[in-house]
There are 2 protein chains.
Amino acid sequence: MITNHETQPTRGVQLSEQVARQLTHAIHTGEMRPGERLPTEAALGERYGISRSVVREAISMLRNAGLVTSRRGSGSFVAEVPTVALRLAIPDPSLQSVIRLLELRRALEVEAARLAAQRRTPSQLRRIRNAMADIDEAVEVGADGVDQDMAFHRAIAEASNNTHFTAIIDFYNRFLHHAITVTRTNESLRETFMAQVIEEHQVIVDAIAQGDEEAAAQAAGRHLEHAEWRLRQAPTDLLERIEDTGADTPF
Amino acid sequence: MITNHETQPTRGVQLSEQVARQLTHAIHTGEMRPGERLPTEAALGERYGISRSVVREAISMLRNAGLVTSRRGSGSFVAEVPTVALRLAIPDPSLQSVIRLLELRRALEVEAARLAAQRRTPSQLRRIRNAMADIDEAVEVGADGVDQDMAFHRAIAEASNNTHFTAIIDFYNRFLHHAITVTRTNESLRETFMAQVIEEHQVIVDAIAQGDEEAAAQAAGRHLEHAEWRLRQAPTDLLERIEDTGADTPF
DNA sequence: ATTTATAATGTTGTCTGACAAATCCATCAG
DNA sequence: CTGATGGATTTGTCAGACAACATTATAAAT
């Protein structure tokens, strides 16, 4: 019983998808503003001449896409910061694949360092230095310092004042965590490696502190090059399946 | 009537989400392999002691996350290339925001050009040159050549042989399309701009052809710098809302 | 026996109706 | 004016049915 009282979704594909498209369009064009409540499921069903199930499926899609949030008893609302989903293949844990990730990371972090040198605020610089100190501390205690290392690089990304960098770096770092841990649990090489890492970090921070864009970019580039080299020294059989943290789902 | 015959989702949050979590976990750990068919909705409902509606919502989430695909009459199948969804804020169309995108693009394309120079295959180089020729052709006909321009940059990204670059560049290019179009519809500046662009492209391609990594990276960097400059010359009031192509939804 | 139609079965998509759980709102008591 | 209370609203879940499509088994025909 598809009567299409108001608008007629192009026939053919899934009804829920067609409705989801229309609602998405309304949100993207600003026809429905962030925070605004959308019509009730019953009302939407009435408007499009479809059942509530289909409406729910459509809204479910929007929810999964981060466009709306639903509260039981209250309604569904356009998200404050509408998002779109970038679907990316899950990197497999092979050495080859991790190196591809490092290449991406190099691209991002070189530029992030450059921008950070250009426009870091004093407080951002302070946070970078604190993160660097945290690494030293962790290493002295005997920890691997991987988390601190990532926090350090994240602080630089933040100082770029460009959210795109932080978003993507955050995303991929989840998959690099394991690989980096492996290189640092290699007992024989660990001490020399960490000394190198700390020294390379220092060069980057100095350049950022002095506002020397080119030096910062080059230092970051060298750091990532060396990171790849260090990774290749690690016994590859340690690079096994990426552990499932359960936190990498979009829910 | 929640009996949880096999596994008991931790009670509290949405049922569908809990089920989605479990299924996601099964897929990520490889317990269910790509291409494999998952149990029918009825069977899943039976297993978890929930109704079919909830199962459908859960599967809808997985579908939206790109983890499974469903075929009516056949079943739902684990996707061949499991993905995770990176949810990103939709860039607004302000000049400031577009420039942030260009910064990201510079990071990616500089490195992509470097890698392309390092390992492009002959056929990839051919495709890059064809794309460059397409731009010339479009310009001669009087078109803006934006699509061809993007195809050109995409060809370079492909030649990097690193899928991460192509995926991210593809994603963001949707939002840059409009901005670039604007700079090229500026009648007074168009001819000189296009001449510049074509010349800059030529330098990049030459470097890639000769396998000169450093030159390719520098040429790409300069190209993007100049792109930002050209954008700033365009009347900012033309930068209005990003047109909704309908193709930027994750459906 | 092999191939081609046909029927039977299984599965997802949609419809309908109902109730539970959470929220919102108006009314009323103090 | 404040706070409690009850009813109305709205999403979440359940249940059962049919439609649309796919797959498989069966029968027919050459």
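Residue numbers begin at 1 in each chain, while the letters A, B, ... track the order of the sequences. Computed from a prediction, not measured in an experiment: that's the story for all the values here.
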May I ask you to evaluate whether B:Arg56 reaches the phosphate of C:dG13, defined as a side-chain N or O under 4.0 Å from OP1 or OP2? yes
Mind checking ring-ring contact (aromatic ring centres under 6.0 Å, His included) for B:His164 and listing every partner two or more places apart, or none if nothing turns up? A:Tyr172
Residue list, ring-ring contact (aromatic ring centres under 6.0 Å, His included) with B:Phe165, at least two apart or on another chain: none
Nucleotide [N], atom [atom2] - distance to [atom1] of [X] in whole Å:
X: B:Tyr48; N: D:dC14; atom1: OH; atom2: C1'; answer: 19 Å
X: B:Glu41; N: C:dT14; atom1: CD; atom2: C1'; answer: 12 Å
X: A:Glu57; N: C:dG13; atom1: CD; atom2: C1'; answer: 8 Å
X: B:Arg37; N: C:dG10; atom1: CZ; atom2: C1'; answer: 8 Å
X: A:Glu17; N: C:dG13; atom1: CD; atom2: P; answer: 11 Å
X: A:Gln18; N: C:dT14; atom1: CD; atom2: C1'; answer: 13 Å
X: B:Leu44; N: D:dC14; atom1: CG; atom2: P; answer: 14 Å
X: A:Met61; N: C:dG13; atom1: CE; atom2: C1'; answer: 11 Å

May I ask you to say what A:Ser53 touches in the nucleic acid, namely base, sugar-phosphate or nothing, with a heavy-atom cut-off under 4.0 Å? base
Flag the pair A:Glu103 and A:Arg106 as a salt bridge only when some basic side-chain nitrogen lies within less than 4.0 angstrom of an acidic carboxylate oxygen. no
With B for base contact, S for sugar-phosphate-only contact and - for none (protein heavy atoms under 4.0 Å), nucleotides 20-26 of chain C reads -SBBS--
Could you check which of [options] has an atom nearest any side-chain atom of [X]?
X: B:Arg63; options: C:dT14, C:dG13, D:dT13; result: C:dG13
X: B:Val54; options: D:dC14, C:dT12, D:dT11; result: D:dC14
X: A:Ser16; options: D:dT10, C:dT14, D:dT13; result: C:dT14
X: A:Leu15; options: C:dT12, C:dT14, D:dT13; result: C:dT14
X: B:Ser76; options: C:dA18, C:dT12, C:dT14; result: C:dT12

List the residues meeting salt bridge (Lys or Arg N to Asp or Glu O under 4.0 Å) with B:Arg105, not counting sequence neighbours, and say none if there are none. B:Glu109
What pairs with A:Ala43 under side-chain contact (heavy atoms from CB on, under 4.5 Å), at least two apart in sequence or on another chain? A:Pro39, A:Thr40
Within 6.0 Å of CD in A:Glu31, more than 12 heavy atoms from elsewhere: no
With sequence neighbours left out, which residue pairs that include part of residues 50-67 of chain B fulfil the salt bridge (charged side-chain N to carboxylate O under 4.0 Å, His left out) condition? A:Arg56-B:Glu57, A:Glu57-B:Arg56, A:Glu57-B:Arg63, A:Arg63-B:Glu57, B:Glu41-B:Arg52, B:Glu41-B:Arg56
